[in-house]
Amino acid sequence: MTLPIIEKAIAHGDRLALIDEGGAYTYAQVLVASHRVASCLLGAEADLQEARVAFMAPPGLEYVAVQWGVWRAGGIAVPLCLAHPLLEIEYVLDDTGASILVAHPDFEAMLRPAAEERGIRFVLTTEAMDAAARDLPEVDPARRAMILYTSGTTSKPKGVVTTHRNVTAMITSLIEAWGWTEDDHILHVLPLHHAHGIVNVLLCALWAGAVCEMLPKFDAETVWQRFAERPLTLFMAVPTIYGRLIRAWDEASEGTQARWSEACAAMRLMVSGSAALPVSVLAKWQSISGHTLLERYGMTEIGMALSNPLHGERRPGFVGLPLPGMNVRLVDETGRVIDEDGRQGEIEVRGPNIFLEYWNRPDATQQAFRDGWFCTGDISVREDGYYRILGRSSVDIIKTGGYKVSALEIEEMLRTHPALRECAVVGVEDPEWGERVCAAVICRADETLTLDALRAWAKERLAPYKVPSRLQVLDELPRNVMGKVTKPAVKALFIATADERR
Ligand code: MCA
Ligand code: AMP
């Protein structure tokens, strides 16, 4: 059985598929490259049989060749974040029990020793893409395709396992809802270790036979210049990125502003998601680009669930209606389904998009479902069928720059700092990041800590977006009568001193 995305690519043949810093590649070329990678990974084996293959490759041909190569060889793709420090990478290697690690030569110095220490086979992308092609196995779409790490209410990130069937359902739902066609051309600026960048942008484009143009990393000026150069039809990003684009536009000369705004007119759709889009950003973007951003709601475990319509009313402050194939309901604290509009409850979802399991965590998987519905932890109300997100059921989940991070995970790491006795981490509302990771700490006797020192220490241990960017050194943490730290009171301390922001 040929995997659905591969079948699609075969049909797209000589059409242009990818543009990256190194060049432009047709679907046929991507297929050849991924066939070589699959052959290399297989070695003498007939099928990787869901072996976990971790990989670190920059956005572009190499990333796709490895992702598809792993799939075509029967393995599970585990994309690694280019900006993660070694400790985070090692956690993923150990948690997935990866048996192969594929890396671009730029990352060899960091990753080869970690692989060798663990007895993991280390393969360079250059080596894999040079291998001689051989017969590939049949891969059933019911098999596991991908593990993406997501932070939650547990201290350590969990691996979200999706099957090929799940991924296909995520893609086809968006193809239908957002009207993707082979005439589309999207600019890709998102990280490739999360569903937003992997599924909504990259895989939807390649499924549709469209062109996916990948930048090495987001940069506002580069994106505006790219908008102005050649007609693109689609753009998708998180609210922080739209905020940065607005700032760059505001700082540009009048002539440049006019040119940039005009370039947006050629596009057919601009989408925002991963975090709440402030209505002020939506309005400003409308005045700059003429586009009403289409806001949608999703989660690593479910792909996309709700979306404002492609045609029809896009309601500011709302994330829209259920997407094709998705069942969405609201449930109150007692577990009763809320039928009427206007009452708030937790969003639960059901459908072919929903992930298979948390990797190696059967209890967590079981707890995440109620009667076959996935419990998102997001609180919402519905008005005329449109959902509006009000917040989350846990204060310990923070959304910053579109990334979900766990306060508990950051606290656990900070507690290992030699100068710290206690700490509490909170997400504080912020115009740039949505929420900003803030740490209140108590130092050990005779110890002090500055924000710069804490950040330098934490950057070696945590992803850049998890590193606290504000610090308060206290004598006591606010606690309730039970002695438990009261996070709302910690947040209030940061809000009260917002002007002292670094
Ligand atoms: C980075 N920095 C931060 C943060 N992130 N400071 C405060 N809060 C943050 N969140 C700091 C770094 O430590 C560094 O500081 C400086 O900013 C530059 O770091 P860099 O990594 O270069 O940041 P950036 O490139 O400016 O990042 C901004 C960004 C990025 C482009 C908006 O956050 C981004 O790509 N976000 C998208 C995330 C995403 O795709 N999420 C989807 C997951 P210093 O200068 O001191 O070193 S959600 C999902 O997939 C579901 C399914 C969904 O619904 O979509
Ligand atoms: P992740 O775990 O990174 O997949 O993030 C999923 C979470 O992002 C959801 O549970 C929501 O809390 C949040 N999210 C995604 N899209 C939106 C949106 N449009 N508005 C508000 N929150 C969102």
Side-chain angles (χ1 to χ4, degrees), residues 59 79 81-85 148-153 157-158 160 162 170 174 188-202 215-220 222-223 236-245 247 271-278 282 293-308 317-320 346-347 349 353 355 374-380 387-394 397-406 427-428 430 432-438 451-452 454-456 458-459 462-470 501-502:
C81 173
L82 304 180
H84 276 187
L148 301 180
Y149 275 79
T150 187
S151 295
T153 44
K158 296 191 286 284
V160 174
T162 42
M170 290 177 187
L174 295 183
H188 194 311
V189 299
L190 293 169
L192 283 160
H193 64 297
H194 277 302
H196 195 167
I198 298 172
V199 179
N200 296 21
V201 184
L202 179 65
L215 295 183
K217 149 172 227 305
F218 170 73
D219 172 69
T222 312
V223 168
M236 297 184 193
V238 300
T240 302
I241 287 183
Y242 284 107
R244 296 260 182 102
L245 290 172
R247 200 167 71 197
V271 178
S272 173
S274 299
L277 175 68
L282 179 132
L293 287 173
L294 180 152
E295 184 172 12
R296 55 60 178 179
Y297 159 89
M299 203 171 172
T300 308
E301 287 89 335
I302 64 175
M304 298 301 111
L306 297 160
S307 170
N308 276 286
F318 288 75
V319 293
E346 180 178 350
I347 300 179
V349 291
N353 289 17
F355 75 127
F374 175 73
C375 312
T376 62
D378 289 308
I379 309 299
S380 174
Y387 286 75
R388 183 155 61 90
I389 308 290
L390 300 172
R392 282 175 304 267
S393 55
S394 166
I397 293 178
I398 302 169
K399 260 278 161 164
T400 181
Y403 286 110
K404 183 157 111 177
V405 305
S406 160
V428 175
D430 184 85
E432 182 179 3
W433 298 104
E435 287 180 300
R436 188 179 273 272
V437 176
C438 299
L451 178 62
D452 285 347
L454 177 70
R455 282 177 62 77
K459 274 183 195 171
L462 294 166
Y465 44 86
K466 296 178 186 170
V467 173
S469 59
R470 292 187 65 206
R501 195 167 288 171
R502 76 187 196 99

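Source: prediction; values computed, not measured. Every number for a ligand or one of its atoms is a count from 1 in the order of the listing. Quick note: numbers below take in every heavy atom, side chains included, and nothing from hydrogens, waters or symmetry partners.
Contact atoms of ligand 1 toward Arg455: 13 (O), 15 (O), 44 (P), 46 (O) (distance under 4.0 Å to a heavy atom of the residue). Every atom of ligand 1 with a heavy atom of Lys459 under 4.0 Å away is listed here by number and element: 44 (P), 46 (O), 47 (O). Contact atoms of ligand 1 toward Thr400: 8 (N), 9 (C), 10 (N) (distance under 4.0 Å to a heavy atom of the residue). When each atom of ligand 1 is checked for a heavy atom of Ala195 under 4.0 Å away, the hits are 50 (O), 52 (C). The distance from ligand 2 to the heavy atoms of Val319 drops below 4.0 Å at these ligand atoms: 18 (C), 19 (N), 20 (N). Listed by number with element, the atoms of ligand 1 under 4.0 Å from a non-hydrogen atom of Ile241 are 32 (C). Interface atoms of ligand 2 facing Thr150, defined by a heavy-atom separation under 4.0 Å, are 2 (O). Annotation for ligand 1: atoms under 4.0 Å from non-hydrogen atoms of Gly298 are 54 (O). Atoms of ligand 2 found under 4.0 Å from any heavy atom of Glu295, numbered from 1 in the order shown, are 18 (C), 19 (N), 20 (N). Near Met304, the atoms of ligand 1 lying under 4.0 angstrom from a non-hydrogen atom of the residue are 52 (C), 53 (C), 54 (O). Within ligand 1, counting atoms from 1 as listed, the ones closer than 4.0 Å to a heavy atom of Lys217 are 20 (P), 22 (O), 24 (P), 25 (O).
Residue-ligand proximity: Thr300 is placed with a non-hydrogen atom under 4.0 Å from ligand 1. A heavy-atom separation below 4.0 Å is not found between Ala83 and ligand 1. At a 4.0 Å cut-off, at least one heavy atom of Arg296 sits close enough to ligand 2 to count as contact. The shell of residues lying under 4.0 angstrom from ligand 1, judged by heavy atoms, excludes Lys404. Heavy-atom distances between Arg244 and ligand 1 reach below 4.0 Å in at least one pair. At least one heavy atom of Lys399 sits closer than 4.0 Å to an atom of ligand 1.
Geometrically, ligand 1 and Arg296 share a nitrogen or oxygen pair separated by less than 3.5 Å. The shortest N or O to N or O distance between Ser274 and ligand 2 is below 3.5 Å. Geometrically, ligand 1 and Ser274 share a nitrogen or oxygen pair separated by less than 3.5 Å. An N or O contact shorter than 3.5 Å is missing between Gly273 and ligand 1 by distance. The shortest N/O to N/O separation between Gly401 and ligand 1 falls below 3.5 Å. Below 3.5 Å of separation, one finds an N or O of His196 facing an N or O of ligand 1.
The option with the heavy atom closest to atom 17 (C) of ligand 2, from among Pro157, Gly273, Gly434, Ala275, is Ala275. The heavy atom nearest to atom 34 (C) of ligand 1, out of those in Trp433, Tyr242, Tyr403, Phe218, is found in Tyr403. The closest heavy-atom contact to atom 39 (C) of ligand 1, among the options Pro191, Gly303, Ser469, comes from Pro191.
Within the 4.0 Å heavy-atom criterion, neither part of Ala195 lies near ligand 2.
Taking atom 9 (C) of ligand 2 as the reference point, the nearest protein heavy-atom neighbour is Asp378 OD2, 3.2 Å. Atom 6 (C) of ligand 2 has Gly298 O, 3.4 Å as its closest protein atom, hydrogens excluded (heavy atom only). For atom 3 (O) of ligand 2, the nearest protein heavy atom (residue, atom name, distance) is Lys399 NZ, 3.4 Å. The protein heavy atom nearest to atom 21 (C) of ligand 2 is Ala276 N, 3.3 Å. Closest protein heavy atom to atom 1 (P) of ligand 2: Thr300 OG1, 3.4 Å.
The shortest distance between side-chain heavy atoms of Val437 and Val467 does not fall below 4.5 Å.
In this structure, the side chain of Thr240 engages the main chain of Glu432 through a donor-acceptor pair within 3.5 Å.
The aromatic rings of Tyr403 and Tyr465 sit parallel to each other, their planes meeting at less than 30°, with 60° as the upper class boundary.
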